Structure formats: C-alpha cells, structure tokens
Novice: 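Handing you this structure, nothing more for now.
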2 protein chains.
Amino acid sequence: MANSTSGDSVTSRLVRVLETFTPTRTAQTAAEIGRRAGLPSSTAHRIVGELVDAGLLERDDDRRVRVGMRLWELATRSSHALRLRQAALPAMERVQARVREHTQLAILEQGEALFLERLSDPEAGANITRVAGRLPLHACSSGLVLLAFGDRALQESVLAGPLRPLSRRTPTDPAVLRRKLDEVRTLGHALARGYVEEVSTGLAVPVRDEGGRAVAALSVVLPHDSPTELALAELRRAARSTERALAHVR
Amino acid sequence: MANSTSGDSVTSRLVRVLETFTPTRTAQTAAEIGRRAGLPSSTAHRIVGELVDAGLLERDDDRRVRVGMRLWELATRSSHALRLRQAALPAMERVQARVREHTQLAILEQGEALFLERLSDPEAGANITRVAGRLPLHACSSGLVLLAFGDRALQESVLAGPLRPLSRRTPTDPAVLRRKLDEVRTLGHALARGYVEEVSTGLAVPVRDEGGRAVAALSVVLPHDSPTELALAELRRAARSTERALAHVR
DNA sequence: GCTTCCTTTCCCGTTCATCGGGAATGTGCG
DNA sequence: CGCACATTCCCGATGAACGGGAAAGGAAGC
C-alpha cells in the first residue's frame, strides 16, 4: 500500500496532468498533455476540458492550455505557509535592500527544502533556485539549517540515504555532512560554499519556533568573494524579526 | 451550456472541496469538508483520502486536513503570472522602501482584480486586500487602471452590470464611473479615495505591454491625508522598470 | 465507569459516469 | 492541394465511483 509511483484514481491522474507543466513549459496543447501524462488522446481532451471548465486550467488565446490562476488562488489563499511568507517578507525586503543579491525563504517539505520566496536583485547573477523550487537538504545552506535545527530522525535518514551532489563541492560523505551539521548547530548558521553551484555561496539562518525548532530558513546567495559578515548580521536580524511576527499571528 | 453554477463532474466536485478552505479556515476535518461541499460523509472521506494520497491535501498532526504545499507548487511553478510577479518584485520593493504602506500588484482575472503580490509595512494600518484576494474592478484603484487601459468591451460590460459598493464612497453610478475612467486615461493613473474602505486611498498605475494595454496594475494604499506625489512618482518609475523587465523575459 | 456525540473506517450492491476506439471536422503549413 | 496534426463528436462496454449503513475509534462530560 501507499504506492507512490503508480496509482490510477481520478485524482492521481489529475496530478499527472498538472505535472506535465513545468517552469519551462507553461503552455501546451491538450494532445501534448495527453502524451506526456500517458493518456489516450480522447481521454486527455475530455479531462483537460473538465479542468478548464473547473477553472484549474485555462485556454490561451491560441488553443494552448496553461495552469489557471484559479488553482493558484485556491492553493495560496488557504495555505498555512503563506502566513509564514507574509510574516517574513518585510524582514526579507530589508535584507535584500542591504545585501543586493538573492534573499530566500525555504521550509522543510517532504524531505526537501522548498523555496517559498525569493527576492533577487536585477543586477545579481542568475542562480538555480526558484520560487516553488526544491533542493535536497544536504546540498544547500537552507537545507543544512532546516536539518541541523530540525528533527533528529530526519537527520539520520538523510545521513543514511544517498547524498547526491549538485556540484563538485556538494558534500557526499555522511561523516563530512555530520560534522558540517554539528558546525551549523554550534555557529547558528550555515555557510555552503559551492554546494549548489560552484560559483556561489549560500548563507542561511534558522527561523525558530518557541521550542527552538527551525520552521523555516532565511538565506542569501552570494558570489564567493563577498564578505559574509554584513549578510549574516542582516539574516540574524531578519530571523528574529520574523519570529516576532510569527508569534503575533499565532 | 457552459453552466457554471452547477456541475457534478469529478473535477467540479474537487473544486468544491478546495473551496471549502478559506483564509480564515485553513484546517478542517474531513466531515466538515463534506458538509460544506454538500457531500455525504462516506463520499467526503473517500475523496479527501484520495486528495491526501495525491498530495493536494495534507493531514495535520491532528486529523485535520489542510491544503497541501504540493498544490501550491504545481500552481506556482508553471504559472505565467509568476513571471510577471518576479519581474515586478524588485520595483515593488523599491516603492515599498520609499512609501512605507502597502504596495500591491494586481492583474485582470475573470472580470475582477486579482492581487498577485502585496508588500506591507508592519507599521501600516491593516486593509482588506490580500495576496490571492480579489476586488471588483470598479471598486479599487487597481481595477480602474486595468479597466481604463484594458478591453473596451469589458469596460462596457462593467458599466452595464450592477456596481456593488464596498463602502459609501464606491462609485455606483455608471455615468460617474465612465467619467472616472476617462480621467484615469487622461492622467495615466487612478486615485480611489475611500472606494474600498472609507479610511484609505488607493493609487494605481498601469503596467503596459507593447500595444499600450494594461497587463497589470501597480498600486499603493495610503491614509487619506498622505501626499500622493512621491508615491505616484515611485509607482510610475516602478511600472516602467517592470515593463522593461517583462520585455527582457519575453 | 458509562453515556453521548462526532468523526472516521469499512463493507458492498447498484448504477451511471468514465473510458477510449474510431471517425469526422478543424487548423496550420509547405 | 495534401499532409500532419489537434480537436470534437459519437457511442457501447465496463468497471470504478457512489453512498447508505453499520461499526469502530475518540473526546468530553457527568
């Protein structure tokens, strides 16, 4: 049971349809969706039609189909993560105003770091992270923080599992990662030089709840040669400010 | 055909389930969902179970159910509106840094203004708008801009339809609204004093595409006594900057 | 402890909506 | 004009969704 790969209920099929959309492929024909989701053409058209009627998908001026704003509304309006995001935003803006690179907010989601928000300076170099994107916990500064100040069982399962590298400098040795996590706990922040991409450094601090557990990670992405002192101070301040804002809301 | 109110297909039922979640009710039991969506108890439990399996809903530590992050991911990752949002964010931050109130981004969505983003100063007074919230076009500055610089057919249909007021100062007379739209076109911005709530003023400018049509509205919410010159200048600048960013992306 | 109320799970026969093959129509391109 | 593709329409078979009902699990109160 709990078979995750297969599944053929109505809803799992629906998810398969939605998953055919990616950041690089935001619009496609109903037939394309069908092919990618492994559905017969007539079935694909029927399902897409239903989803369009329901407002979860939209038809372009062309005949192409895209994810509907309605879906975003439904998902966003009532998401608990949105509260966290709104609580953190003012603090993130401040960080971004002083450290004009990339400022990010991530939470733990099913064993990965899920990025809820990202403020980027137009001048800053591109990097891989995107809003609603994910990264493995061991391979980014946000993940390290979420791991180090999170559930011990999760730490062990990550340490046990395969540690896939994103770049040459991503730690893949469990012993190295364990030491790194200890260091993160000691310092109170995570510095990941070249973990995600060789050219950039991630710096992250935890946003904690009353029990001291990390509920989120605030991070910045910097070029290797940037000083980290200012960024770290700003992140610390932002984390405290977010924690206060969260305490108010709850 | 195209009956929007009823509908009993699998997907419409799914939407009904999702719609039982609201900003104020982010978690509920499966039975509650069933009652609100008009489903028999056993059916509600089955559907909720399927949705949880698919990751679109999540179970709390308790037995309560909330909207899953997976849904947000699917909706956000591939939304075309997200590009607009990311293109506008840096400009919005700048506005927010100078005009420390509320800075908002809205698009036209099915005859209403849908707010994609909102930056709020912690010190600023609360107001009604929320991320993923909607307002009628005639009843907010963003809506006026989207209308005035948008489709002429839409203007007429709004002018023809009932103009529900949100406050005592919301324009409900078509003739008044028509003059107001002319004024917005002439000035290039919309000033809505007390339209949404009596105590606050909305100020909005259009973000336009190459054809001059509004693709979005950038707005600020101010107390009545605030001067609008600075805010307007910042909004104009932000709109231009967003337009440039959008041109790059396309 | 017992009772009450509510949620949740499980079972199961009925039925009706889903499924998808196939043909016809529409659209765009060279 | 012909080709390749997407889309719409039709329709009969089938099996999965449906939901009533019973029973189990839990929380609160007396």
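Here is how names work: the chains are called A, B, and so on, in the same order as the sequence lines, proteins then strands, and each is numbered from 1. Computed from a prediction, not measured in an experiment: that's the story for all the values here. Both backbone and side-chain heavy atoms feed into the values below; hydrogens, waters and symmetry mates do not.
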Novice: In terms of side-chain geometry, is the basic nitrogen of Glu117(A) or Arg85(A) positioned less than 4.0 Å from the acidic oxygen of its partner?
Specialist: yes
Novice: Glu50(A) CD to dA17(D) P: how many Å, rounded?
Specialist: 13 Å
Novice: Encode nucleotides 20-30 of chain C as B, S and - characters from 5' to 3', where the letter depends on protein heavy atoms closer than 4.0 Å: B to the base, S only to sugar-phosphate, - to neither.
Specialist: BBB--------
Novice: Distance only, no hydrogens: is a donor on one side chain within 3.5 Å (strictly under) of an acceptor on the other, for Gln28(B) and Arg66(B)?
Specialist: no
Novice: Tell me, yes or no, whether the heavy-atom count around Arg25(A) atom CZ, taken from other residues, nucleotides or ligands under 6.0 Å, exceeds 12.
Specialist: yes
Novice: Salt bridge or not for Glu58(B) and Arg64(B), using N-O below 4.0 Å?
Specialist: no
Novice: Do Ser157(B) side-chain atoms and Leu154(B) backbone N/O form a donor-acceptor pair below 3.5 Å?
Specialist: yes
Novice: For Arg35(A), report the nucleic acid contact type (base, sugar-phosphate, nothing); a contact means any heavy atom under 4.0 Å.
Specialist: sugar-phosphate
Novice: For Thr242(A), run the side-chain contact (heavy atoms from CB on, under 4.5 Å) check against Leu218(A), Leu89(A), Val215(A) and tell me which one passes.
Specialist: Leu218(A)
Novice: Round to the nearest Å and state the distance from Ile47(A) atom CD1 to dT8(D) atom C1'.
Specialist: 16 Å
Novice: Once you round it to whole Å, what is the distance between P of dC19(C) and CG of Leu14(A)?
Specialist: 11 Å
Novice: Show me the side-chain donor-acceptor pairs of residues 104-115 of chain B shorter than 3.5 Å, one per line, residues at least two apart or across chains.
Specialist:
unit_1	atom_1	unit_2	atom_2	d
Gln104(B)	OE1	Ser219(B)	OG	3.3
Gln104(B)	NE2	Thr129(B)	OG1	3.3
Glu112(B)	OE1	Arg134(B)	NH1	3.2

Novice: What is the distance from CZ of Arg64(B) to P of dC6(C), rounded to the nearest Å?
Specialist: 16 Å
Novice: Do NZ/NE/NH1/NH2 and the carboxylate oxygens of Glu19(A) and Arg77(B) come within less than 4.0 Å?
Specialist: no
Novice: Angle between the two end axes of the helix from dG1(C)-dC30(D) to dG30(C)-dC1(D), five base pairs per end, rounded to 10 degrees?
Specialist: 50°
Novice: In whole angstrom, what separates His45(B)'s NE2 from dA17(D)'s P?
Specialist: 18 Å
